[in-house]
Each structure stands twice: as structure tokens, then as C-alpha cells.
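In each ligand, atom 1 is the first atom listed, and ligand 1 is the first ligand listed. Count residues from 1 along the sequence.
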Amino acid sequence: MFIINFKNYDNISGSKSLKLAKIATKISRKYKIKIAVCPPQNVLSEVTKTSIPVFAQHVDTAKAGSTTGYIVPELVRKSGASGSLINHSEHRISSKEIKELVSRLKRLNMISVICVRNVDEARRYSKLNPNYIAIEPPELIGTGKAVSKEKPEIITKSVKAVKEAKNSTRLLCGAGIISGDDVSRALELGARGILVASGIVKARNWERAIDEFALSFKNRKV
Ligand code: G3P
């Protein structure tokens with residue numbers, strides 16, 4: 001799995017999100033690998049017009065109905081999204097909320113990706129059996145210094161922690177990944193995929209950047 005978090009970068013504002021999602025769709029088909037995109041909430045419905053899996057960047061625990069300004073999983077589902085990031089480093093929530101959201105997304109048949117900052121959190125939250133745990137050391141996010149090269153041990157230790165939960169949860173890693181080589185290293189260390197933002201969104205040539213990342217997946221057949 002290769003997830004591109006668009007964040008709220010100006011590079012993907014308005015119709016540019018759909019453009020990036022279309023390029024990701026093309027590359028996903030070319031190499032037959034799973035790519036999912038996380039556009040900002042305001043363009044979520046528009047991006048679901050592509051055939052690529054679309055995840056929300058965040059969802060709230062607020063109920064469907066008489067609530068205002070929250071991102072409600074049931075409505076996100078109806079917009080055509082098939083999953084969500086939970087507890088991203090830039091949008092942390094309580095463990096109670098994390099637990100509730102994982103079960104709620106399961107009931108809705110949606111993919112849950114819990115983002116964690118360290119091995120202890122990876123161990124703790126993999127017990128909830130989300131589809132994915134994404135380990136991202138916050139200090140490397142957006143730096144261009146890849147977790148797979150700067151902190152390889154955090155990946156190997158998290159892989160072990162997730163395995164200990166003895167369920168179907170898989171480990172992704174992210175932070176600072178900017179090249180195919182960074183991706184290959186992450187996969188060699190046991191990650192089952194990556195979560196990336198600036199390495200793609202801020203690249204001068206989106207197609208070339210996604211192609212380079214995808215090729216590393218293709219070569220590893222993950
Ligand atoms: O959600 C992905 C993320 O936080 C990593 O960001 O820019 O380091 O790829 P970046």
C-alpha cells in the first residue's frame with residue numbers, strides 16, 4: 001500500500017487535487033500496485049470521481065445528524081471515500097476516540113490507518129486491529145530526511161510490535177520519504193507500504209515522482 005496524503009498544501013488546492021489523483025490512478029494501473037490518496041476534506045467528493053481509493057485525512061467521533069462542522073465517518077463513506085487516517089501527527093486525538101473510530105470504520109467497511117509516533121504507540125494501537133498502523137517520527141515529517149534511512153530501527157521494532165498483536169494489522173511507515181530508494185529501504189526493513197506527503201505533493205513533476213515510488217513497490221512485489 002502506498003498512501004499519498006495531500007495535506008493542505010497549496011500545491012493541491014482546488015481542482016489540482018483531482019489532477020494529482022488522476023496521475024496516481026494512471027500509475028497505479030500501470031504497475032498494478034495499490035495507491036490511495038487523502039485529499040483535503042473540501043474536495044473529497046470531487047476526488048472520488050477517480051477510481052483510486054480515496055481516504056479522509058481525519059474523521060471525528062461526532063454523530064451523523066444534528067452536529068455541525070465535524071467530519072462524520074458515515075457521511076464520508078457516502079461521499080465515496082473508502083477509509084481514513086486516524087490520529088495523524090498533525091491532528092492527534094485521544095486513545096478513546098481512536099478506539100471508537102476504528103470500530104466505527106470497521107462497521108462501515110472502511111479502511112483504518114492509525115498514525116503513531118513511536119514503537120510503544122504502534123504496540124498499543126495494533127491491538128485494536130486497524131487495517132494499518134503508520135509509524136511516523138514527527139521530527140522527520142516534511143524534512144526530506146527519510147525515516148527508512150535516519151531511523152531504520154523504528155521500522156524494524158514497529159514491525160515486530162505489530163506482529164506481536166497476532167492479527168491482520170500491517171505496518172506502514174512515513175516521514176521524509178522523497179525517493180524510490182527511500183521506499184525500497186522501507187520495504188526491505190519490513191514495512192508493508194508507505195505514507196508520504198511532501199515528497200510527492202511538492203515534487204516538480206508529479207508523474208515522475210509517483211512513477212519512481214511505484215517502481216520500488218513493483219520491484220519488491222509488495
Ligand atoms: O502523512 C504523511 C506525512 O506526515 C509524512 O509527510 O511530507 O514527510 O512525506 P512527509
- Message: Aromatic contact between Phe2 and Phe213, with the criterion being ring centroids under 6.0 Å apart: yes or no?
- Response: yes

- Task: Would you check if there is a donor-acceptor pair between the side chains of Arg123 and Ser158 at a distance under 3.5 Å?
- Result: no

- Identify, chain by chain and in numerical order, each protein residue with a heavy atom under 4.0 Å from an atom of ligand 1. Asn5, Lys7, His88, Glu136, Ile141, Gly142, Ala175, Gly176, Leu195, Val196, Ala197, Ser198

- If we ignore angles and hydrogens, is there a donor and acceptor under 3.5 Å between the side chains of Thr156 and Glu153? no

- Message: We want to know whether Thr169 and Asn167 form a side-chain donor-acceptor pair, criterion being a heavy-atom distance below 3.5 angstrom.
- Response: yes

- Item | Ion pair Arg104/Glu74, N-O distance below 4.0 Å | yes

- The reported gap from CG in Asn131 to CZ in Arg170 (rounded to nearest 0.5 angstrom) is 9.5 Å

